[in-house]
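Order of the sequence lines fixes the chain letters, A, B, ..., with proteins taken first and strands second; residue numbering starts at 1 for each chain.
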Amino acid sequence: MQIASMHFKERAHAKHRRRAAPAQPAEDQGQVRRQAARGDDRARRFRGARARPRRRSASARSTTSTSWLEIFERNADGARRDRAAGRRRQPTINAHVLDIAARHGVRKIIKSKSMVSEESELDRAIEAAGSQVVETDLGEYILQINDYEPPSHIIGPALHKSKEEVADLFAQAHGDAAQDRDRASCASRRAECCGTHYLTADMGISGGNFFVAETGSVVLVTNEGNATLTTTLPKVHVAISGIEKIVPTLGGRGDADAPAAALGDRAVDLELRRHPDRDEGRRASSTAPSTCTSSSSMPGAPAVLGSDVREALRCIRCGACMNHCPVYQNVGGHSYGWVYPGPIGSILTPTYIGLENALDLPQASTMCNQCGVVCPVKIPLPDLLRKLREQQFDARLATVVRARRPARAGRGSRRSPGSTRWRRASARGCSSWMGGRETA
Amino acid sequence: MRVGFFVTCLGRSDAAVDRLRGDQTARDRRRRGLVPPTQTCCGQPGVQLRATAPARRRSPRKVVAEFEGCDYLVAPSGSCSGMIKTALRRPLSATTRRCARGRTRSRQRPCELTDFLGQRAASSHAVPGSLRGQRHLPRLLRRAARDGRQDASRATLLATVPGLKTRRDGRNARPAAGFGGTFALKFGEISTRLADNKCQHIADDAAPTPSCWAIWAACSTSRAGCAGAAT
């Protein structure tokens, strides 16, 4: 995905202007939906019951290390996988997947949700190579038929779209009649069309919520059930995820269960039906074994392991931080300029793509700690943002442009008294210490 | 018990609401306490932004020197008292130790004004007047509300005012967003929108009198927020 994180403020401003225009109510609805997604009362109700799983999840996600990656690769090979390819960089991951597809003579690929494939623009690469790719996650599908629009949320990628907009897109893509624009018709139309693809696809690509080192298996959690079909029906399965998603065991201290349970609850702050799915890689009747590709998505990712912000690698991509972030609720996900929006995006994006390419993001937080409170794996998000700000300060990276000077008044203007001038000068000094003021 | 009053930078700014607030509370404290005239900022803008090291080096030393001999260090702002608390919790540096006459840890206990009045000085204070009507009691920042003590102090304190009823969270209540301060300087437009949302939520809850605390939050901590609330 193209990186536009340098333009956070401009994009936030553009969104505000669009919202102010009465012709497009969709943005306001997006905000309502984002606020509704927080489900504050329900969140409060569940919070007490979740304290213990939260501790377990955090400790499970703290144990990730590179040695587990090696164990995982060994066991994944043992599980009769085609190949477990670790530590692949973003430019090569597309080539690697395309290579597997070419070896098995794949012509149609179905995909369930994967953030790493968003980073590397895998869909476009597959289409460029002449194969067909179909997203099975509903939100991702909506964005796919809208010419691969970037997602605005990790869990609900099309959260910014109103149902009318979705109906328009469906009509455009499927040629639906005008009377079939209600929600039920859209859903059934989509189910029909997807069902055919499940049966005719040659390869399924999925993400991986957790890779279990002990067994070499992939754990997937969905609420639509599409990942189960994507991983089981086609003859080849490829799972792509970051190296930080490797957990040591299925049970015990470093288990995958606690964070997997937290994932569903925290994603929407509701007790949602979820389909945890464990793919062991063993298939009795399959002609080709499944493949597992673990990828350090961007060149910066392995560097994070030893850095100040390594706690961010605990992230299970549940989206709870952005559901509760007042800034995200106001500016939307597209303003953040890359795959990961919200508070966790403000940490991951500068770390992966370089602090100098995302100057505004570490500053784009009010430090209210709502993200830190709701995070199911206890990532201290405000503390990490402060660390990034310190790094910015040490590297002398200016964050905001200088204030424009107001135009001088004519000759008749009264000169300010000395004390006022002194105060203005000291305020200017102070604001330059803080990185400058916003331009008018 | 000797109480030091940390006016904070709000008390020294020239906005009318700040001056009123700073002066009134300072007058109360001056009767029995200490209000050093040389005090300045707690260093929080520096820490929250990025100049952590200089701010942390300077702030505790100054605070310790100015409030020498106090048992409590009271500030009318939760974030300022929190900042001082964090700074003083660490072992003092050599220079600071000189200011603190060789002690390795500071003896002053920083606390927020309502927390201090509600928990530690409630019994010794008679409420000077009464207030008819209803006040909205908005929610604190999550980081301040975590231990629940400050929230309880506020409720205890307001319960002692004759004739006043307080209202808890309304339907649209959200934890405070913290849109003021340096965030307002950097992202004025977003801060204004957050302030607008807050005001809208209060209006939607239809409290008979506007929330004094929320308006204070909108006005005193952010000029940009204040402009947004007014428009």
Side-chain angles (χ1 to χ4, degrees), chain A residues 8-10 12-13 15-17 19-20 31 35 38 40-41 44 324-331 335 359-360 362-374 382 385-397 399-400 403 420 423 427 430-431 433-440, chain B residues 9 12-14 40-41 43-56 79 82-83 86 139-146 169 171-198 200-201 221-225 227-228:
Chain A
F8 174 81
K9 198 174 276 182
E10 290 84 345
H13 176 69
K15 183 180 167 57
H16 181 48
R17 288 186 60 184
R19 189 191 292 175
Q31 189 186 5
Q35 286 178 351
R38 297 171 37 175
D40 245 18
D41 297 336
R44 265 203 300 275
H324 290 78
C325 177
V327 177
Y328 173 86
Q329 281 170 20
N330 270 277
V331 303
S335 306
L359 289 176
D360 280 341
Q363 310 286 338
S365 163
T366 64
M367 296 289 168
C368 66
N369 196 28
Q370 298 198 40
C371 48
V373 171
V374 296
L385 286 170
R386 278 190 203 103
K387 281 178 185 168
L388 289 178
R389 289 178 182 189
E390 280 173 39
Q391 287 174 19
Q392 274 188 338
F393 184 72
D394 292 343
R396 300 193 176 280
L397 293 169
T399 53
V400 218
T420 314
R423 277 160 67 181
C430 192
S431 62
W433 171 57
M434 294 189 299
R437 287 185 64 179
E438 189 178 36
T439 47
Chain B
C9 47
R12 298 184 80 83
S13 77
D14 50 1
T40 51
C41 175
Q44 194 186 189
V47 170
Q48 290 293 0
L49 281 155
R50 41 198 200 172
T52 311
R56 285 225 166 103
S79 56
M83 171 68 207
T86 317
R139 292 164 68 179
L140 294 167
L141 275 175
R142 276 216 168 130
R143 65 169 183 249
R146 209 174 337 179
D169 303 341
R171 191 169 51 84
N172 291 312
R174 300 268 184 275
F179 48 77
T182 49
F183 181 78
L185 280 176
K186 288 200 165 294
F187 301 101
E189 195 182 357
I190 302 171
S191 169
T192 308
R193 274 146 63 186
L194 293 174
D196 284 348
N197 289 349
K198 193 82 191 164
Q200 189 60 48
H201 289 155
T221 55
S222 122
R223 298 291 170 78

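Using a 4.5 Å heavy-atom threshold, the side chains of A:Gln363 and B:Thr182 count as separate.
Taking CG of B:Leu194 as the start and SG of A:Cys368 as the end, the distance is 9.0 Å to the nearest 0.5 Å. The distance from the CG atom of A:Asp360 to the CZ atom of B:Phe187 is 4.5 Å, given to the nearest 0.5 Å.
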- request: Could you give me the CA-CA distance, side-chain angles and deciding distance for A:Asn330 and B:Phe179, then say whether side-chain contact (heavy atoms from CB on, under 4.5 Å) is met?
  value: CA-CA 12 Å; A:Asn330 270 277; B:Phe179 48 77; over 6 Å; no
